[in-house]
There are 2 protein chains.
Amino acid sequence: MKNNIRVVIIEDDHIIRSGYEFLINAVEGYSVIGTYWSYENAVKEIFSDHPDVILLDIELPGANGIEVIPKLKKLVPHSHILILTVYESENLIFSALANGASGYLTKNTSSAKIIEAIKEVVEGGGPMSVNIAKLVIKSFQKNQDSPLSKRETQIIELIRNGKSRSQIARDLFIDLETVRSHIKNIYIKLDVNSRADAIKAATDNRLI
Amino acid sequence: MKNNIRVVIIEDDHIIRSGYEFLINAVEGYSVIGTYWSYENAVKEIFSDHPDVILLDIELPGANGIEVIPKLKKLVPHSHILILTVYESENLIFSALANGASGYLTKNTSSAKIIEAIKEVVEGGGPMSVNIAKLVIKSFQKNQDSPLSKRETQIIELIRNGKSRSQIARDLFIDLETVRSHIKNIYIKLDVNSRADAIKAATDNRLI
DNA sequence: AAAAAAATCACCCGTAAAGGGTGATGTGAT
DNA sequence: ATCACATCACCCTTTACGGGTGATTTTTTT
């Protein structure tokens with residue numbers, strides 16, 4: 001267990017920034033060792049901070065917050081990045097996680113929860129606010145009443161994996177012509193006429 | 001806020017089953033109104049239970065737990081299914097979520113946390129044990145040192161979406177031959193020679 | 001028991017796409 | 001000055017794709 005957790009805050013709003021700073025410094029074993037109001041400043045100086053955790057406002061004006069994540073990761077690879085945001089946009093969250101963020105907190109998160117999140121992330125867990133967890137779970141859930149049959153679903157998944165008709169036929173031990181029939185039926189049901197459109201329709205409707 | 005939460009337990013181990021039953025019944029506002037030791041029994045009788053939450057052991061002998069989830073969902077669509085498991089297999093978890101489970105708890109979860117999870121799921125949140133959250137976050141994180149360039153990554157993503165060379169060329173406003181060059185380079189870097197293999201390699205290594 | 005949906009296979013057709021090889025050019029970072 | 005990147009060019013052959021129109025059999029639903 002670490003006895004002094006070094007936190008950096010990147011956030012343009014002065015009120016929020018000093019609020020978090022005060023809050024975190026008030027807790028035994030946690031210190032804010034740097035605050036920044038822009039990505040440029042942060043990227044320039046964060047290396048010397050050796051932070052354990054970075055609280056990162058993802059919606060700073062005039063810059064793409066997502067793209068900052070890999071840059072920070074490169075500068076201080078062992079730091080954990082916790083995203084702060086007011087929005088709970090699905091895409092934003094998933095992009096942030098994909099780009100190296102360790103967790104995600106909305107700005108209405110209570111102070112106790114923020115400390116808890118910092119602690120969890122330092123100790124190797126993955127903090128997620130309940131709303132985010134809900135989003136993530138939802139993103140995993142398939143549409144329960146898909147228009148596609150089992151076989152058709154299986155086949156569109158193989159199509160998504162880039163397989164050709166003949167590869168699919170081999171994989172499923174069925175005839176090439178049978179695969180064609182299934183694909184034709186999938187196209188009719190999804191009202192498309194190409195693999196790309198079928199993948200898009202199936203993905204958009206969470207059929208796969 | 002519901003004042004009596006109806007819980008059903010599906011679990012073959014008698015000790016664990018009655019343990020949970022006792023535990024949940026002891027809490028004000030929570031009642032276990034059915035326990036089953038096999039999927040068959042559960043599927044036959046669960047309709048009349050009108051459960052709010054189903055605790056489902058996913059690893060019952062001699063049956064595929066994942067496939068039971070959609071069946072239960074069909075019988076009692078408004079119930080939330082919480083998976084209980086000893087393993088934290090990534091695939092198992094994601095399949096369960098994809099098939100309609102609302103959350104996932106490992107069997108070492110404390111009794112207080114189980115009650116909390118039931119409460120959260122009934123109130124519309126998504127419960128996740130810390131370990132699961134970690135797994136999920138990890139599943140979102142791309143490989144930070146991909147061998148592929150930005151352009152190449154962009155292109156393999158379009159390939160995964162089923163787009164043809166010419167569609168990619170149109171999407172990116174570049175020449176068809178340029179797309180070909182990129183794809184060739186991707187194939188070389190990933191040591192493959194087909195779209196399907198490239199998608200597989202890229203997915204396995206979290207490049208996309 | 002009857003009807004509907006799903007899964008299987010067949011053969012017609014033409015166009016489009018895929019993959020291998022080899023090479024060139026400009027740019028931007030180190 | 002070198003290297004990775006991004007761009008475009010033309011050679012070639014083989015495979016895949018999508019539309020149309022059918023049939024048979026099994027499974028599921030009513």
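Order of the sequence lines sets the chain letters (A, B, ...), proteins ahead of strands, with each chain counted from 1.
Each of A:Gln167 and A:Lys184 has a nearest nucleotide on DNA chain D; the 5'-most of these lies closest to A:Gln167.
In this entry the distance linking CZ of B:Phe173 with C1' of D:dT7 reads 16 Å, nearest Å. Look at CD1 on A:Ile168: it is 14 Å from C1' on D:dT15, rounded to the nearest Å. Remark: C1' of D:dA6 and CG of B:Leu172 are 12 Å apart, rounded to the nearest angstrom. Rounded to a whole Å, the CD1 atom of B:Ile188 is 17 Å from the P atom of D:dC3. As rounded to whole Å, 14 Å separates atom C1' of D:dC17 from atom CD1 of A:Ile186. Atom CD of A:Glu152 is separated from atom C1' of C:dA7 by 9 Å (rounded to the nearest Å). Between the C1' atom of C:dC9 and the CG atom of A:Leu176 lies a distance of 10 Å, rounded to the nearest Å. Rounded to an integer number of Å, the gap from B:Glu177 CD to C:dA24 C1' is 13 Å.
A side-chain N or O of B:Arg151 and one of B:Gln154 form a donor-acceptor pair less than 3.5 Å apart.
Within the nucleic acid shown, B:Arg180 comes within 4.0 Å of at least one base atom, counting heavy atoms only. At a threshold of 4.0 angstrom between heavy atoms, the contacts of A:Arg165 include nucleobase atoms, whether or not backbone atoms are also involved. When heavy atoms are screened at a 4.0 angstrom cut-off, A:Thr178 is found touching base atoms of the nucleic acid.
B:Asn185 has no side-chain polar atom (N or O) that falls below the 4.0 Å cut-off from OP1 or OP2 of D:dA6. Applying the 4.0 Å criterion to OP1 and OP2 of D:dT28, one finds that A:Lys150 has every side-chain N and O outside that range. Phosphate proximity of D:dA16 to A:Arg195: absent, as no side-chain N or O sits under 4.0 Å from OP1 or OP2. Applying the 4.0 Å criterion to OP1 and OP2 of C:dA17, one finds that B:Ser166 has a side-chain N or O inside that range. For C:dA16, the OP1/OP2 oxygens have no side-chain nitrogen or oxygen of B:Ser164 closer than 4.0 Å. Checking the phosphate oxygens (OP1, OP2) of D:dT7, a side-chain nitrogen or oxygen of B:His182 falls inside 4.0 Å.
Atoms CG and CD1, from A:Leu148 and A:Ile208 in turn, are 9.0 Å apart once rounded to the nearest 0.5 Å. In this structure, OG in A:Ser102 is found 14.0 Å from CZ in B:Phe140, a value given to the nearest 0.5 Å.
Residues B:Lys150 and B:Glu157 are not paired through a salt bridge, judged by the lack of any N-O separation under 4.0 Å between the basic side chain and the carboxylate.
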- request: Verify side chain to side chain donor-acceptor pair (under 3.5 Å) between A:Thr85 and A:Glu59, making sure each step is shown before the conclusion.
  value: CA-CA 7 Å; A:Thr85 183; A:Glu59 287 132 351; 2.4 Å; yes
